[in-house]
Amino acid sequence: MPELPEVEVVRRGLLDHVVGRHITRAAITGLRVARRHVAGPEDLADRVSGTTVTAASRRGKYLWLVLDGDEALIIHLGMSGQMLVKPGDAPREKHCHAAFDFADDGPQLRFVDQRTFGGLALSPLGTDGIPDAVRHIAPDPFEPVFDQVSVVRRMKARESAVKRALLDQSLVSGIGNIYADEALWRARVHGERVCASLTKPVLSRVLDHAREVMAEALTQGGTSFDALYVNVNGASGYFDRSLHAYGRDGTPCDRCGARMRREQFMNRSSFSCPACQPRPRTSRTAMAPRLP
DNA sequence: CTTTTCTCCTGTATGC
DNA sequence: TGCATACAGGAGAAAA
């Protein structure tokens, strides 16, 4: 569930509660949480211990703590990951996979992840502030280096569906299924329209809407981090009532009143308005079945 | 090379 | 009531 706004809420929480603190001990449980850390969980725990957290950064849905200014502890929340700040004597969560203790005897930092799609890894920090392990991810729409003209140009060259492009983290990062549907609803574009069949101004508008809807979600999720608790689910749940497309099948379109529909696309659910977002003409659909 | 499908995981909701 | 099945979905590996 966590997309860019929810991850940003967590980053801000880490900025408030973890940056500046000295890690004395890390406990990694199981093999899966550090599966992206090639050297293994023990190596990760050893190398994190004794460092000071100097920054909390993010690109798209990737989050990382900068350690001693030159290494990054990559945190990906996956589907259900949470970073929790909890007193050390608080009961251990059922799906707690990592815990960090600090020299100040303040609260612990815990990584809790029910479905274990998330994980932790260590990666060298490049001179541009991006860890090597995040280099394959494109800038998100809020970064100064995000080049919308360039992204639109690359989209225009694609024969794939526009929703697929929005979800492609190597093209533009941070957008997931929910905000893709919201951006497409706002732009009145069906997600299965082929990128190349849309004009550059329309493609650019879709990206503008994606940026805007994520900015709005962020303003509403900004309070979900209280003194001792990082609540990722709380952030997305709070924005729920502002959604116009996602999960709205069967209800009237907030713009025109037509009955919102639900379709399967990329093995995911897609929500759209049949009147505002007409399906592409069959002469030019994405994902034409490929014959053997 | 690009593009698409498959796979990882578990709590919750639904159907019989 | 109990059991089986569908669903949620980010992203990387594998396949086309």
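The figures that follow rest on heavy atoms only: side chains count, while hydrogens, waters and symmetry mates do not. Each chain gets a letter, A, B and so on, in the order the sequences are listed, and its residues count up from 1.
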- Salt bridge check: are E192(A) and K163(A) linked by an N-O gap of less than 4.0 Å? no
- Item | D208(A)/R186(A) salt bridge by N-O under 4.0 Å criterion | no
- Query: In terms of side-chain heavy atoms, does Q148(A) have a donor or acceptor partner in R211(A) at a distance below 3.5 Å?
  - Reply: yes
- Judged by modelled atom types alone, do S49(A) and R25(A) share a side-chain donor-acceptor pair under 3.5 Å? no
- Message: What is the separation between atom CG on L171(A) and atom C1' on dT3(B), rounded to the nearest whole Å?
- Response: 13 Å
- Message: Is there a side-chain contact between H76(A) and the phosphate of dA11(C), meaning an N or O under 4.0 Å from OP1 or OP2?
- Response: yes
- Query: Separation of I175(A) atom CD1 from dG10(C) atom P, in whole Å?
  - Reply: 11 Å
- Round to a whole Å and report the spacing from CG of D113(A) to P of dC8(B). 16 Å
- Task: Determine, for R110(A) against E93(A), whether the closest basic-nitrogen to carboxylate-oxygen distance falls under 4.0 angstrom.
- Result: yes
- Query: Over how many whole Å does the gap from Q264(A) atom CD to dA8(C) atom C1' extend?
  - Reply: 11 Å
- Task: Kindly say if R268(A) contacts the phosphate of dA8(C), meaning a side-chain N or O under 4.0 Å from OP1 or OP2.
- Result: no
- Per atom distances to the Q169(A) side chain, the nearest of dT3(B), dA11(C), dG12(C) is dA11(C)
Distances for protein N/O vs nucleotides 9-13 of chain B N/O pairs under 3.5 angstrom?
{"residue": "dG11(B)", "atom": "OP1", "partner": "K94(A)", "partner atom": "NZ", "Å": "3.2"}
{"residue": "dG11(B)", "atom": "OP1", "partner": "H95(A)", "partner atom": "NE2", "Å": "3.1"}
{"residue": "dG11(B)", "atom": "O4'", "partner": "Q114(A)", "partner atom": "OE1", "Å": "3.2"}

- Query: Where the side chain of E3(A) is defined as all heavy atoms beyond and including C-beta, which of dG10(C), dT5(B), dA11(C) is the nearest nucleotide?
  - Reply: dG10(C)
- Message: Reading DNA chain B from 5' onward, which residue's closest nucleotide shows up sooner: N267(A) or A157(A)?
- Response: A157(A)
- Query: In whole angstroms, how far is the C1' atom of dG12(C) from the CE atom of M266(A)?
  - Reply: 13 Å
- Using 4.0 Å as the upper bound for N to carboxylate O, is an ion pair formed by E263(A) and R279(A)? yes
- Spacing of D140(A) atom CG relative to dG10(C) atom C1', expressed in whole Å: 16 Å
- With the threshold set at 4.0 Å, does a side-chain nitrogen-carboxylate oxygen contact exist between R164(A) and D168(A)? no
- Query: For R154(A) and dT2(B), what is the distance between atoms CZ and C1' respectively, to the nearest whole Å?
  - Reply: 12 Å
- Task: Return the value, rounded to whole Å, for the distance between atom CG of L167(A) and atom P of dA11(C).
- Result: 10 Å
- Message: By nearest atom, which of the nucleotides dG10(C), dT4(B), dG12(C) is closest to the H136(A) side chain?
- Response: dG12(C)
